[in-house]
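Naming convention: chains lettered A, B, ... in sequence-line order (proteins, then strands); numbering from 1 in each chain. Computed from heavy atoms alone, side chains included, the values below leave out hydrogens, waters and symmetry copies.
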Number of protein chains: 2
Amino acid sequence: MRLLLIEDERELANALSAALSRQGIVTDHALNLGDALELTLQNTYDAILLDRRLPDGEGLTFIPKLRRAGVDTPVIVLTARNEPMERVEGLDLGADDYLGKPFLIEELMARVRALLRRPPTLEEQTIRVGRLHIDPLHLHVMAGSVPLDLPRRELLVLQALAKRNGKTVLRSTLEDAVYNYQEEIQSNALDAHISRLRKRLADANAGVSIHNIRGVGYLLREE
Amino acid sequence: MRLLLIEDERELANALSAALSRQGIVTDHALNLGDALELTLQNTYDAILLDRRLPDGEGLTFIPKLRRAGVDTPVIVLTARNEPMERVEGLDLGADDYLGKPFLIEELMARVRALLRRPPTLEEQTIRVGRLHIDPLHLHVMAGSVPLDLPRRELLVLQALAKRNGKTVLRSTLEDAVYNYQEEIQSNALDAHISRLRKRLADANAGVSIHNIRGVGYLLREE
DNA sequence: CTGCCAGGATTGCAACAGCATTACGGGGAT
DNA sequence: ATCCCCGTAATGCTGTTGCAATCCTGGCAG
């Protein structure tokens, strides 16, 4: 783990560095905001410890600067000013945590650990076939850059087909995907949906087509 | 935004819920850990506010239980015990933040905002659709350069739609975004909000419209 | 090669679930 | 006292969907 400590009091900085080092944490140290910005752009840190009072300005102003530069490393603000409203200000400027001096090294460590534990954002995965982008999580379909609004049942059919991209989907599987066990169908309703879906895909110039395997099922594939 | 508050003092809980509600946050309330666990497994919260002293046990023990159940919702611990070492203990058990009572609502809000800021990129802090600028953190909506004051529930609807800009939001998801589980609606209240919101957006010449996908949900789209 | 047929495709239609809108009134906030 | 939010319900509307009638097609048997 690697931290950037931005702190102008050398004595405190050294003590912190030493303590962190004993925990197996590597600490880079900047004495002012100018140096700090340079360091953050050249390196990647797991977290940044930021003092508010610094020779070249108020520490908090550093956070928006960082963010604008596309750096989203978590920031913990260290400060003597520990009034509630000050904390609000700090947090709203983009700090991830706020720690009033004096503090125990253990608490700092615990807060760093808490920050690092936060899960990274999980990517939403979208299925791509032809010019279609299908986002099953958000029930969203795009044909190229144009959104494709599908009625409920057609959407279900398309999703079921897309999930097994290119592979044949049994007719019965499709039926299960579109109808729950309470809903009985006694007609070719499914065929009707397929037909209507085909038309819509063609109209949208989706670049895919629904192919039938006689007696087995359907599959979705690029044209 | 939707929170779970785990707190046995009804009075405090009600006060908090009211305050949060005024900030556009929907709060579910559990009086004990048992209820809380059930709720967390049934719903998805943006964050959990957890008291330490609870009728059926120490609140902190709840966190590992949650994590084992695969729930990684951020937890903010609220407590009278605010000694540094106690805080360390809480954070190491998996809490994401720690707030000593008494606290200002503002600070709680700031800490919640800090937590929620993580997953979406910082760029997305203010959402833009058409001529609308929506700042979900500060609950502020602008149509062009004119501020648009929306009633609470309509704001919640708009926010929920905007967060998934352009993508379909399930009806049920919208309901969860606007109502907590205690508030049962047995009418088309949601439809009514949508209708009224539509009118306001049109009057404000917002350049966006709410589109319905029959049987699925709604989405927000530029005109 | 031809005819037959089961399975598939298409499409009009009517029913209905789902949606939109609006008026009303209770209740909370100012 | 006033205003506005918000839930409710009545009313009218609309697109989806199940169905069925009809047409099409591929595969197989003779």
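Backbone-only engagement by Arg153(A) is indicated by non-hydrogen atom pairs under 4.0 Å involving sugar-phosphate atoms exclusively.
Gly59(A) and Leu54(A) get closest at one heavy-atom pair: CA-CD1, 4.2 Å.
Nucleotide dC4(D) holds its P atom 14 Å from the CZ atom of Arg196(B), rounded to whole Å. Taking atom CD of residue Glu175(B) and atom P of nucleotide dG18(C), one finds them 12 Å apart after rounding to whole Å. In this structure, Glu154(B) atom CD and dG7(D) atom P are separated by 10 Å, rounded to whole Å. Atom-to-atom, NE2 of His193(A) to P of dA20(D) comes out at 14 Å; the value is rounded to the nearest Å. Regarding Leu156(B), its CG atom lies at a distance of 13 Å from the C1' atom of dC5(D), rounded to whole Å. Across the protein-nucleic acid pair, Ile210(B) atom CD1 and dT21(C) atom C1' stand 14 Å apart, rounded to whole Å. Summarising the geometry, the separation between CG on Leu197(B) and C1' on dA20(C) is reported as 14 Å, rounded to the nearest angstrom. Asp203(A) has its CG atom 11 Å from the P atom of dT11(C), to the nearest Å.
Of the candidate nucleotides dT17(D), dG15(D), dT21(C), dT21(C) has the atom nearest to the side chain of Ser195(B). Nearest to the side-chain atoms of Arg200(B) among the listed nucleotides dC6(D), dC5(D), dT8(D) stands dC5(D). Set against dC5(D), dA9(C), dC19(D), the side chain of Asp191(A) has dA9(C) as its closest nucleotide. Taking only side-chain atoms of Tyr218(A), from C-beta outward, the nucleotide of dG8(C), dC19(D), dG18(C) with the closest atom is dG8(C).
The base of dT10(C) has none of its N or O atoms less than 3.5 Å from a complementary donor or acceptor on the side chain of Arg198(A). One donor-acceptor pair, N or O on each side, does fall under 3.5 Å between the base of dA20(D) and the side chain of Asn188(A).
Distances shorter than 4.0 Å separate some side-chain N or O of Tyr179(A) from OP1 or OP2 on dG18(D). The side chain of Arg171(A) places no N or O atom within less than 4.0 Å of a non-bridging phosphate oxygen (OP1 or OP2) of dG7(C).
Remark: Arg221(B) engages Asp149(A) in a salt bridge, criterion side-chain N to carboxylate O under 4.0 Å. Classification of Asp191(B) and Arg171(B) as a salt-bridged pair holds, one side-chain N sitting under 4.0 Å from a carboxylate O. We find that Arg111(B) and Asp97(B) are joined by a salt bridge, their nearest charged nitrogen and carboxylate oxygen being less than 4.0 Å apart.
Comparing Ala192(A) and Asn212(B), the nucleotide of DNA chain C nearest to each residue sits closer to the 5' end for Ala192(A). In terms of position on DNA chain D, the residue among Arg214(B) and Ala189(B) whose nearest nucleotide sits closer to the 5' end is Ala189(B).
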Step by step, would you call Leu108(B) with Leu99(B) a side-chain contact (heavy atoms from CB on, under 4.5 Å)?
-> CA-CA 8 Å; Leu108(B) 174 59; Leu99(B) 195 53; 3.8 Å; yes
